[in-house]
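Okay, handing you the structure first.
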Amino acid sequence: MHKSFGSNTDWVACLLMWGIGSVILGIFSLVVGDVVWHGLAGVSWEFLSTAPRDAGRAGGIIPILISTGLLLSICLVVAIPIGLGAAIFLAECTSEHHAFGRVVRISLDVLTAVPSIVFGLFGYAFFSHMLGMGFSLVSGGLTLACMVLPILIRATEEGFRTVPNEYRLGAAALGLSRMTTLMTLLLPAAMPGLMVGVILGTGRAMAETAALIYTSGYVDRMPESLMDSGRALSLHIFDLSMNVPGGNANAYASAVVLIGLLLVMNTLASWVAGHWLKRRMFWA
Amino acid sequence: MIMLSWPYHTLACFLFLLMMGCESSDRMQNSAKLVITGSSTLAPLVADIGKRFESIHTGVRIDVQTGGSSRGLADVRQGLADIGMMSRPLHATEQDVMSRPIARDGISMIVHQSNPVQALRNEQIIKLYTGKIHNWKEVGGEDAPITVINKAEGRGTLLLFLTYFQLQNIHIRAHVVVGDNEQGIKTVAGNPHSIAYVSIGTAEFDANHGVPIKLLPIRDIPASLDNLQNGTFPLSRSLLFVTNFTSTTLAKDFINFVQSAAVYDLIAQHYFVPISS
């Protein structure tokens, strides 16, 4: 680092980089600070454990937290096995230049860039209407899974590709089957990639409103089954701030809870990935 | 393989939960459920009325979904919803459904509190929205460019505004397009030189709670819930329920309940006016 202070231009470049870093930190602090400043006072045990009243202006968010949890569970339960399978196919079963693999990869990249409202309308037409799921947590969770899949697959595939080829050759030299190699060697080594995908996907799913307003819906009652409609936390925040006069205080409090949840889940996911990687590699 | 067993366990648990969920949904079908979708203006009110209806009738569930008046109509036509909520009247081509009024609402022009303009004539509003007036000084305000805020396509408030001022949406020169009422109010509160139109109830509530906006009169009649109730405020609309011609008894019961005096307090709490008063 000290070497770069040698000439004047280096100084300028260094200052610029620090400036950019500070701007990023500033934006982050401003957004989180604003939400926490306005919302922290509203977060209490009562807020977290009671149902909303008076269109959400009073009361808490417990049914909304449960609905959000169920939506996310459905989404991940469906997306992770499919995502992992697709990533194994792309990284291990086809070469980078294989025609079919390339087509799949291009479609995934296109899907990543599709706005979430399009997924919402697809879910509304396909899951809610055509498959007759109505406005339900299942319909919303499956829509989220479609949305999260491309991110998950691409990140996991990247995870597999970063595993050095020597691992595969070494395993083959020892006479291990491809399945054993995959399970004991490649999968744990690609775990961080999968976890990155899960974290990004979870983030996208938790922040989603547009795709859910048409699928899992707006009902703020405690869900009794997965076929019930349930309101996601981000949709609750959107409705309170944009549609309910006098809903700002609880919108801010809910936003604090959402940010808190995201931080906890990200920390947990990276801890699990690190932990797993260490133990698996040691054991293998 | 020892370490791999734990995600499989978790997966099995999830699948079990999923199956439990589906099973209990089969049982749920014995109890009655009413799906209501549509206007976001009406959704919070109808959700609250639904909760009161559920507390009187055990075993009944009222599911309220939002997304705009046009979605309410589309869902009723496709059979996705039992009742559609609409904050605009039905067009001539939309007479394949039955409509019942449930409450009244009006829209008000709003500007920032610091704006010295106290009133606008209807012609001035039309010129402002069609891009013929660009500066507040042309209508007695300070020398500043006007930010025109319009509602998105499919919104009930947009249609009422266009009908009342006999405008077409393609002639409107808007700088900002918003969806819900609170969004319009927040945009005006954050931009001292802007003008928008929103639901009177929402605007009155926010103005009384310290949001820096000002409601402008229409034809010298102040925009207020009182003037909406006594019928003198010109820019007003009926909020509707639409159903198919063959609706269930439960749907009919609920509509009767919404039109009864038992929910007047809820309608007032949401800053609308009951229909029969």
Side-chain angles (χ1 to χ4, degrees), chain A residues 51-57 70 73-74 76-78 80-81 120 124-125 128-129 132-138 141 180 183-184 187-188 213-221 223-231 235 238-248 251 272 276 279-280 283-284, chain B residues 1-4 6-7 10-11 14-15 17-18 20-29 33 35 37 40-41 43-45 47-48 50-51 54 61-67 71 75 78-81 178-186 199 201-206 209 211 266 269-271:
Chain A
R53 281 175 288 114
D54 190 15
R57 276 177 283 223
L70 288 172
S73 308
I74 297 169
L76 291 181
V77 162
V78 174
I80 289 178
Y124 171 75
S128 299
H129 191 49
M133 292 175 183
F135 308 116
S136 63
L137 292 170
V138 176
T180 319
M183 283 302 183
T184 58
L187 199 56
I213 205 160
Y214 289 99
T215 50
S216 64
Y218 181 78
V219 174
D220 62 2
R221 197 195 301 109
E224 285 167 14
S225 87
L226 295 182
M227 295 311 284
D228 276 352
S229 168
R231 192 188 293 191
L235 187 59
F238 176 75
D239 192 58
L240 281 182
S241 60
M242 288 302 165
N243 199 32
V244 177
N248 260 350
V272 166
W276 189 344
R279 293 197 51 183
R280 274 302 281 174
W283 184 79
Chain B
M1 284 297 131
I2 304 159
M3 287 307 297
L4 267 178
W6 79 259
T10 340
L11 192 68
F14 273 132
L15 287 176
L17 277 175
L18 264 171
M20 289 279 290
C22 295
E23 212 174 338
S24 62
S25 77
D26 290 339
R27 276 189 281 118
M28 283 301 296
Q29 269 161 14
K33 186 164 123 179
V35 177
T37 74
S40 62
T41 308
L45 166 69
D48 270 5
K51 279 179 190 161
E54 284 171 357
R61 295 173 65 96
I62 310 284
D63 278 8
V64 177
Q65 310 291 353
T66 175
R71 178 192 174 186
D75 282 351
Q78 294 183 19
L80 273 172
V178 296
D180 301 313
N181 290 317
E182 279 287 318
Q183 201 181 351
I185 289 170
K186 286 195 167 97
S199 172
T202 316
E204 203 174 67
F205 176 92
D206 280 342
H209 285 75
V211 180
L266 287 178
Q269 256 177 45
H270 283 268
Y271 309 97

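Below, chains carry the letters A, B, ... as their sequence lines are ordered, and counting in each starts from 1. Only this structure's heavy atoms are used, side chains among them; waters, hydrogens and symmetry mates stay out.
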(Q) Given heavy-atom pairs under 4.5 angstrom as the criterion, report whether the side chain, backbone, both or neither of B:V35 touches chain A. (A)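 Contact with chain A: side chain only.
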Q) Looking at A:G134, A:S241, A:G56, which has the largest count of heavy-atom pairs under 4.5 Å with chain B? A)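 Winner by heavy-atom pair count: A:S241.
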Q.
Quick check: closest heavy atoms across A:S229 and B:D63, and the distance to 0.1 Å?
A.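 Taking A:S229 first and B:D63 second, the nearest heavy atoms are CB-OD2, 3.8 Å.
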**Q.** Closest non-hydrogen atom pair, A:D228 against B:R61
**A.**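 Minimum heavy-atom contact is OD2-NH2, 3.1 Å.
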Q. About how many Å separate CZ of A:F238 and CD of B:Q183, when rounded to the nearest 0.5 Å?
A.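 Between B:Q183 CD and A:F238 CZ, I get 6.0 Å after rounding to 0.5 Å.
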Q) Does the distance from a Lys or Arg side-chain N to an Asp or Glu carboxylate O, for B:D48 and A:R57, drop under 4.0 Å? A)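 No, B:D48 and A:R57 are not salt-bridged.
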**Q.** Residue B:S199 versus chain A: region with a heavy atom under 4.5 Å
**A.**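 Neither part; nothing is under 4.5 Å.
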Q | N/O donor-acceptor pair under 3.5 Å between A:R221 side chain and B:I62 backbone | A |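 Checking the backbone N and O of B:I62 against the side chain of A:R221, a donor-acceptor pair under 3.5 Å is found.
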Q) When rounded to the nearest 0.5 angstrom, what distance separates NZ in B:K51 from CG in A:D220? A)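 Nearest 0.5 Å value for the NZ-CG distance: 3.5 Å.
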Q: Pick one of side chain, backbone, both or neither for B:A203, based on which atoms fall under 4.5 Å of a heavy atom in chain A.
A: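 Neither part; nothing is under 4.5 Å.
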Q. Considering only heavy atoms, which portion of B:Q269 lies under 4.5 Å from any heavy atom of chain A: side chain, backbone, both, or neither?
A.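 Contact with chain A involves both backbone and side-chain atoms of B:Q269.
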Q | From B:Q78 atom CD to A:Y124 atom OH, the distance as rounded to the nearest 0.5 Å | A |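 Output value for this atom pair is 5.0 Å.
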Q: Give the minimum heavy-atom separation between A:Y214 and B:G67, together with the two atoms involved.
A: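 In this case the closest contact between A:Y214 and B:G67 is OH-O, 3.8 Å.
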Q) Does B:R71 count as lying over the ring of A:F135, i.e. NZ or CZ under 6.0 Å from the six-ring centre, within 45 degrees of the axis? A)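 So B:R71 does make the cation-pi contact.
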Q.
If I take atom NE2 from residue B:H270 and atom CG from residue A:D54, how far apart are they, to the nearest 0.5 angstrom?
A.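 Taking NE2 in B:H270 and CG in A:D54, the distance rounds to 5.5 Å.
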Q. Roughly how far, to the nearest 0.5 Å, is NE2 of B:H209 from CG of A:N248?
A.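 Nearest 0.5 Å value for the CG-NE2 distance: 11.5 Å.
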Q) Who wins among B:N181, B:V64, B:I185 for the most heavy-atom pairs under 4.5 Å with chain A? A)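 Going by pairs under 4.5 Å, I would pick B:V64.
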Q.
Can you give me the closest heavy-atom contact between B:L80 and A:S128, atom names plus distance?
A.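 Heavy atoms of B:L80 and A:S128 come nearest at CD2-O, 3.8 Å.
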